[in-house]
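Computed from heavy atoms alone, side chains included, the values below leave out hydrogens, waters and symmetry copies.
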Amino acid sequence: MTSSLIERFDISDETVRRIVTESLAGADDGELFLEYREGEALVFDNGRLKTANFNTDQGFGLRAVAGEATGYAHSSELSGAALRRASDAVSTVTAGYSGTLADAPAGTNRRLYGDENPIASPGFEEKVRLLQKIDAFLRDKDPRVRQVTASLAASWQHVEILRADGRLVRDIRPLVRVNVAVVVGDGDRQESGSYGMGGRKSFGEFVADDSWKFAADEALRQALVNLEAAPAPAGTFDIVLASGWPGVMLHEAVGHGLEGDFNRKKTSAFAGLMGSQVAARGVTVVDDGTIAERRGSLTIDDEGTPSARNVLIEDGRLVGYMQDRLNARLMGMAPTGNGRRESYAHEPMPRMTNTYMTAGDKTPEEIIASVKKGIYAVSFGGGQVDITSGKFVFGCTEAYMIEDGKVTRPIKGAMLIGNGPDAMHRVSMIGNDMKLDTGIGMCGKAGQGVPVGVGQPHLRMDRMTVGGTQA
């Protein structure tokens, strides 16, 4: 299904355009956002197919913006009656208001991913057989395996954005994810490990034998490491963060604080610090939605603005925020291609795409060797962050002690505790091995979830607080 979504209305294209134009009369900004989405998810758990879901959804969201006020209405019904009701609702925001409609975003011919629907291949039966193979592979691999959960998920999203001047832009977005989780046990003790991968492409490379076997082996390896892990010590330690997925801490503790809405409202720990030194020298943080086929990438954002590579912190100095159109206009800045929404039922807001720290000049070996006694955090699980204060807590899902410059015994239960801006000043060594995560990130904000990417090189952070279960 690649025909125009406007054609799905029971009224003419011309009438749809006229209603949108009338709805945005006197507004500063706004658009009609149209979406059609297909989604599929299969979960194989404990030796059987536990979940097999397929769904389709479609609808529109109509928005009018007047000053700081927004009128928004949405419907899953693509009909003239629904669009007129939405128009009546959003037009109330412009009553007595006379704004100047903002210029439409610049166009782009760039394509960052294909438009093929990843749900179509492999077929359903082949996907089920693959999940069975993953389960059998892991159970044959080690007798300590007690539970295997393997899943495949895919979506295919078609969006169109129509503005008052009649300009229409379209994007077709594939997305896949493969995940393997393992529980291993020895006597009464049980531990888990997991590995996931995905991106804006077909399943192809992810379901190849060498790929899924690698994912299964990594999940098992992590689980077995945790099975041997000792309780983590509590106290103040020098920390080494591994490259890749540990960038999720940067995403949460720093990235959200650099989104435009929090800074305009002065509820971010970074508010009012533009141009200031907010991190150690050498720290450069980028949000880049233009990396081909990455999970967080977008050809255009959900307002029609082409995505971009936006430098946020450069050599420790705050140089930019991530902006949607509304906050950019109110702050006198340019939109950065970060206006995102979960679906047609949600308003856009400033959101991250692929956020990462750029590489430095140290090898991972040099960084680890520099630590007398510390903790090597290889992977993180859940965490909590307070945007206003910048305070965070992150749990490690794979971590080790560093003793006399060497990685030694694995530990479990380590919690990294700190403050985002303060933690960025504690970065003392930056690795030369920057990499992005494997394509598993999902970001929540104000009740909306969107796919994202994170990344970083190996980092040393000095004298960080660690919560553990061993005094």
Asker: Taking side chain as C-beta onward, heavy atoms only, is Arg173 less than 4.5 Å from Val159?
Answerer: yes
Asker: Name the residue from Glu77, Arg37, Arg8 that meets the side-chain hydrogen bond (donor to acceptor under 3.5 Å, both in side chains) definition with Gln58.
Answerer: Arg8
Asker: Under 3.5 Å, is there a donor-acceptor pair between the side chain of Asn53 and the main chain of Leu42?
Answerer: no
Asker: Would you say the side-chain atoms of Asp437 pair up with the backbone N or O of Val454, donor to acceptor, closer than 3.5 Å?
Answerer: yes
Asker: Can you tell me if Glu205 uses its side chain to pair, donor with acceptor, with the backbone of Ser211 under 3.5 Å?
Answerer: no
Asker: Would Glu38 and Asn117 count as having a side-chain donor-acceptor pair, cut-off 3.5 Å?
Answerer: yes
Asker: Determine, stepwise, if the pair Glu259 / Arg340 fulfils salt bridge (charged side-chain N to carboxylate O under 4.0 Å, His left out).
Answerer: CA-CA 12 Å; Glu259 291 167 337; Arg340 305 188 65 185; over 6 Å; no
Asker: Would you name the heavy atoms of Leu78 and Leu5 that are closest together and state the gap between them?
Answerer: CD1-O, 4.4 Å
Asker: Any side-chain heavy atom of Glu252 sitting closer than 4.5 Å to one from His256?
Answerer: yes
Asker: Under a plain distance cut-off of 3.5 Å, with no hydrogens placed, do Asp45 and Gln147 share a side-chain donor-acceptor pair?
Answerer: yes
Asker: Taking Gly337's backbone N and O only, do any of them form a donor-acceptor pair with Thr305's side chain (distance below 3.5 Å, no angle check)?
Answerer: no
Asker: How long is the gap from CZ on Arg84 to CG on Leu62, to the nearest 0.5 Å?
Answerer: 13.0 Å
Asker: Using ring pair (Phe, Tyr, Trp, His ring centres under 6.0 Å) as the criterion, list what pairs up with Phe9, not counting sequence neighbours.
Answerer: Phe60
Asker: Check the side chains of Asp287 and Tyr356 for a donor-acceptor pair under 3.5 angstrom, ignoring hydrogens and angles.
Answerer: no
Asker: Do Met333 and Arg264 touch side chain to side chain, with heavy atoms closer than 4.5 Å?
Answerer: no
Asker: Assess whether a salt bridge exists between Asp28 and Arg329, defined as any Lys/Arg side-chain N lying under 4.0 Å from an Asp/Glu carboxylate O.
Answerer: yes
Asker: What pair of heavy atoms forms the shortest contact from Ala82 to Ser75, and how long is it?
Answerer: CB-OG, 3.7 Å
Asker: Just by distance, do the side chain of Thr284 and the backbone of Asp315 share a donor-acceptor pair under 3.5 Å?
Answerer: yes
Asker: So which of Asp13, Thr15, Thr21 actually passes side-chain hydrogen bond (donor to acceptor under 3.5 Å, both in side chains) with Arg17?
Answerer: Asp13
Asker: So, do Glu160 and Ile6 sit near enough that their side-chain heavy atoms are less than 4.5 Å apart?
Answerer: yes
Asker: Does the ring of Phe262 carry Lys445 above it, NZ/CZ under 6.0 angstrom from centre and within 45° of its axis?
Answerer: yes
Asker: Count the heavy atoms of every other residue, nucleotide or ligand shown that sit under 6.0 Å from CD of Glu116, and state whether that count exceeds 12.
Answerer: no
Asker: Cut-off 3.5 Å, side chains only: do Arg294 and Thr353 have a donor facing an acceptor?
Answerer: no
Asker: A side-chain contact here means heavy atoms from C-beta on lying under 4.5 Å apart; do Leu312 and Val319 qualify?
Answerer: no
Asker: OG/Ser4 to CZ/Arg170 distance, rounded to the nearest 0.5 angstrom?
Answerer: 7.0 Å
Asker: Report yes or no: does Asn226 contribute a side-chain atom to a donor-acceptor pair with the main-chain N or O of Gln222 at less than 3.5 Å?
Answerer: yes
Asker: Would you say the ring centroid of Phe270 lies under 6.0 angstrom from that of Tyr321?
Answerer: no
Asker: For the rings on His346 and His74, is their centre-to-centre separation under 6.0 Å?
Answerer: no
Asker: Side chain of Glu31, backbone of Ile161: donor and acceptor closer than 3.5 Å?
Answerer: no
Asker: Counting heavy atoms not belonging to Asp140, are there more than 12 under 6.0 Å from its CG?
Answerer: yes
Asker: With rounding to the nearest 0.5 Å, note down the distance linking CZ in Phe380 to SG in Cys396.
Answerer: 4.5 Å
Asker: Quick one: do Asp301 and Arg341 satisfy salt bridge (charged side-chain N to carboxylate O under 4.0 Å, His left out)? Show the steps, please.
Answerer: CA-CA 9 Å; Asp301 71 7; Arg341 62 183 105 199; over 6 Å; no
Asker: Are side-chain N/O atoms of Ser297 and Asn354 paired as donor and acceptor at under 3.5 Å?
Answerer: yes
Asker: Would you say Thr290 and Ser307 are linked by a side-chain donor-acceptor pair, where the criterion is simply a distance under 3.5 Å?
Answerer: no
Asker: For residues Pro348 and Gly339, report the shortest heavy-atom separation together with the two atoms involved.
Answerer: CB-C, 4.3 Å
Asker: Between OG1 of Thr358 and CD of Gln456, what distance do you get to the nearest 0.5 Å?
Answerer: 11.0 Å
Asker: Compare all side-chain heavy atoms of Asn338 with those of Arg351 and state whether any distance is below 4.5 angstrom.
Answerer: no
Asker: Quick one: do the Arg177 and Asn179 side chains pair a donor with an acceptor below 3.5 Å?
Answerer: yes
Asker: What closest approach, in Å, do Leu32 and Leu83 show between heavy atoms, and which atom pair accounts for it?
Answerer: CD1-CD1, 4.0 Å
Asker: Does any part of the side chain of Glu218, heavy atoms only, come nearer than 4.5 Å to the side chain of Val182, both counted from C-beta?
Answerer: no
Asker: Checking the side chain of Asp10 only, and the main-chain atoms of Ser79 only, is there a donor and an acceptor separated by less than 3.5 Å?
Answerer: no
Asker: Looking only at heavy atoms, which two atoms of Val43 and Ser151 are closest? And how far apart?
Answerer: CG2-CB, 4.0 Å
Asker: Under the criterion ring-ring contact (aromatic ring centres under 6.0 Å, His included), which of Phe206, Phe137, Tyr195 is the partner of Phe214?
Answerer: Tyr195
Asker: Compute both the distance and the angle, then confirm whether Arg63 meets the cation-pi test with Phe33: under 6.0 Å from the six-membered ring centre, within 45 degrees of the axis.
Answerer: no
Asker: Testing the basics here: between Ala279 and Ile313, what is the closest heavy-atom pair and its distance to 0.1 Å?
Answerer: CB-CG2, 4.3 Å
Asker: Between the side chain of Lys127 and the main-chain N/O of Ile119, is any donor-acceptor distance below 3.5 Å?
Answerer: yes
Asker: Could you walk me through whether Asp217 and Arg221 pass the salt bridge (charged side-chain N to carboxylate O under 4.0 Å, His left out) check?
Answerer: CA-CA 6 Å; Asp217 284 338; Arg221 181 197 62 78; over 6 Å; no
Asker: Going by heavy atoms in the side chains, are Ser243 and Met434 under 4.5 Å from each other?
Answerer: no
